[in-house]
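Just follow the structure's listing: the first ligand is 1, and inside any ligand the first atom is 1.
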Amino acid sequence: MSKSSTNNRLPRAKGIDMASIYTPKECARKVRHIVLHPSNKQIVEEFIKIIHMKEKFEEHDVPIPNKVVMFGPPGTGKTLTAFYIAQQLDIPLIVVRLDAIIHSHLGETASNMRKIFDYAKSSPCVLFLDEFDAIARTRDNSDEIKEMARVVNTLLQCLDEFQGDSIFAAATNLEDELDQAVWRRFDTKMVYHMPDVASRRAYIRLLIADFEQEDLLYEPITDLLSGCSFADIEQIVLKAKRKAIIESSPLTFDHMRGSYMEYKPKVMAEPVPIN
Ligand SMILES: Nc1ncnc2c1ncn2[C@@H]1O[C@H](COP(=O)(O)OP(=O)(O)O)[C@@H](O)[C@H]1O
Ligand SMILES: [Mg+2]
């Protein structure tokens with residue numbers, strides 16, 4: 001498919017679009033409060049910088065990276081990072097709908113995958129495949145080995161042929177189950193963790209911002225939310241704000257504690273910070 005192709009419609013399967021499209025502006029809205037761990041921030045920024053310096057890399061005949069994989073627990077910002085990359089590059093984000101492309105006929109799944117990759121190559125975008133493990137499962141760890149291998153092989157071909165100005169991004173919670181050959185195709189890899197104390201503090205400040213507050217002790221809140229994911233923290237802060245609004249009161253530590261108790265986060269041990 002060429003860039004000048006006029007009919008640039010999203011491919012469809014099972015009667016629905018195979019992906020959802022977000023404009024750079026929509027992406028910008030979504031990433032307003034993003035907090036990246038310094039190690040991931042560095043990786044993303046370097047990635048973006050290289051793409052902005054494309055010509056220079058061409059001069060030196062050094063290929064630019066265009067395939068990112070992110071892995072780690074839910075609610076830690078993998079999907080959000082895909083939005084961030086699209087926003088930074090000022091190109092649309094195309095989020096693949098797995099429910100649309102995965103078909104009971106694996107041959108059909110492979111063909112759908114090819115269609116969505118072709119679409120992504122036709123004009124610059126970030127093509128994002130969430131729950132990547134659903135497709136890229138290791139080939140020697142499944143009952144339907146042969147059939148699944150076909151899907152993985154198509155995926156490998158799509159990744160190898162993926163050139164041009166688009167970026168491929170994938171996210172998974174289960175890095176161990178990814179096919180090794182698929183894994184090797186990625187030039188950029190990022191690991192996500194539950195937020196450490198510095199990230200929690202930064203995120204809580206961004207979320208509360210200038211919401212009217214009283215007795216709001218950021219340090220105890222940062223401690224209270226230890227072990228929560230970013231997604232949990234967001235929900236707990238929203239719930240606490242609602243409580244404050246109902247009472248026509250400024251936000252207090254008691255609102256936060258009450259909200260935490262009600263939300264019942266599935267608290268995990270705090271990770272050892274990486275640097
Ligand atoms: N690192 C982060 N910084 C800011 N907000 C985050 C972060 N991670 C998660 N969130 C919040 O939680 C929501 C879900 O996060 P998401 O990126 O979908 O997590 P994942 O893809 O890792 O499961 C986001 O829309 C955002 O509101
Ligand atoms: Mg996600």
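- When heavy-atom distances to ligand 1 are checked against a 4.0 Å cut-off, H33 comes that close only through its backbone atoms N, CA, C and O.
- The single protein non-hydrogen atom nearest to atom 25 (O) of ligand 1 is K30 NZ, 3.9 Å, given as residue, atom name and distance.
- Hydrophobic clustering of Ile, Leu, Val, Met, Phe, Trp and Tyr side chains at less than 4.5 Å, counting indirect connections, unites I204 with L206.
- Less than 4.0 angstrom separates some heavy atom of P74 from each of these atoms of ligand 1: 23 (O).
- Screening V126, V31, I34 against F83 for a side-chain contact (heavy atoms from CB on, under 4.5 Å) leaves a single residue, V31.
- Between the side chain of R32 and the backbone N or O of R29, at least one donor-acceptor pair lies under 3.5 Å.
- Using a 4.0 Å cut-off between a side-chain N of Lys or Arg and a carboxylate O of Asp or Glu, K14 and D99 do not qualify as a salt bridge.
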Next on the checklist: Is there a side chain to side chain contact (heavy atoms under 4.5 Å, CB included) between M194 and T76? Walk through the geometry before answering.
Outcome noted: CA-CA 6 Å; M194 299 303 256; T76 53; 3.9 Å; yes
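- Atom 14 (C) of ligand 1 has as its closest protein heavy atom A231 CB, 4.1 Å.
- When only non-hydrogen protein atoms are considered, atom 22 (O) of ligand 1 lies nearest to K78 NZ, 2.7 Å.
- What sits closest to atom 5 (N) of ligand 1 on the protein, heavy atoms only, is Y203 OH, 3.1 Å.
- Among all non-hydrogen protein atoms, the one lying nearest atom 18 (O) of ligand 1 is T79 CB, 3.4 Å.
- At a 3.5 angstrom cut-off on N or O pairs, L36 does not count as close to ligand 1.
- Using modelled atom types, one finds a donor on one side chain and an acceptor on the other under 3.5 Å when comparing S199 with D196.
- The protein atom (non-hydrogen) at minimum distance from atom 1 (N) of ligand 1 is V35 O, 2.8 Å.
- Here's the thing with L80: one of its N/O atoms is less than 3.5 angstrom from an N/O atom of ligand 1.
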Next on the checklist: Walk me through whether L89 and H52 qualify under side chain to side chain contact (heavy atoms under 4.5 Å, CB included).
Outcome noted: CA-CA 8 Å; L89 296 175; H52 281 140; 4.1 Å; yes
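- Checked against a 6.0 Å centroid threshold, the rings of F117 and F168 count as neighbours.
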Item to check | Evaluation steps, ring pair (Phe, Tyr, Trp, His ring centres under 6.0 Å), between F230 and Y192 | outcome: CA-CA 11 Å; F230 286 97; Y192 288 72; 9.0 Å; no
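- Protein heavy atom closest to atom 10 (N) of ligand 1, with residue, atom name and distance, is F230 CB, 3.4 Å.
- Using modelled atom types and a 3.5 Å distance limit, the side chains of H33 and E234 yield no donor-acceptor pair.
- Not a single heavy atom of A171 sits less than 4.0 Å from an atom of ligand 1.
- Listing protein N, O or S atoms at distances below 2.8 Å from the Mg ion (ligand 2), with waters left out, gives T79 OG1.
- Among the atoms of G75, some N or O lies under 3.5 angstrom from an N or O of ligand 1.
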Checklist entry - D165 and N66: side chain to side chain contact (heavy atoms under 4.5 Å, CB included), yes or no, with the steps? => result CA-CA 8 Å; D165 291 329; N66 67 353; over 6 Å; no
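- Only the side chain of E234 comes within contact range of ligand 1, with a heavy atom under 4.0 Å; no backbone atom does.
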Item to check | side chain to side chain contact (heavy atoms under 4.5 Å, CB included) between Y22 and F128, intermediate numbers included | outcome: CA-CA 11 Å; Y22 297 85; F128 177 57; over 6 Å; no
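- The only option from T81, V44, N40 that meets the side-chain contact (heavy atoms from CB on, under 4.5 Å) definition with M70 turns out to be T81.
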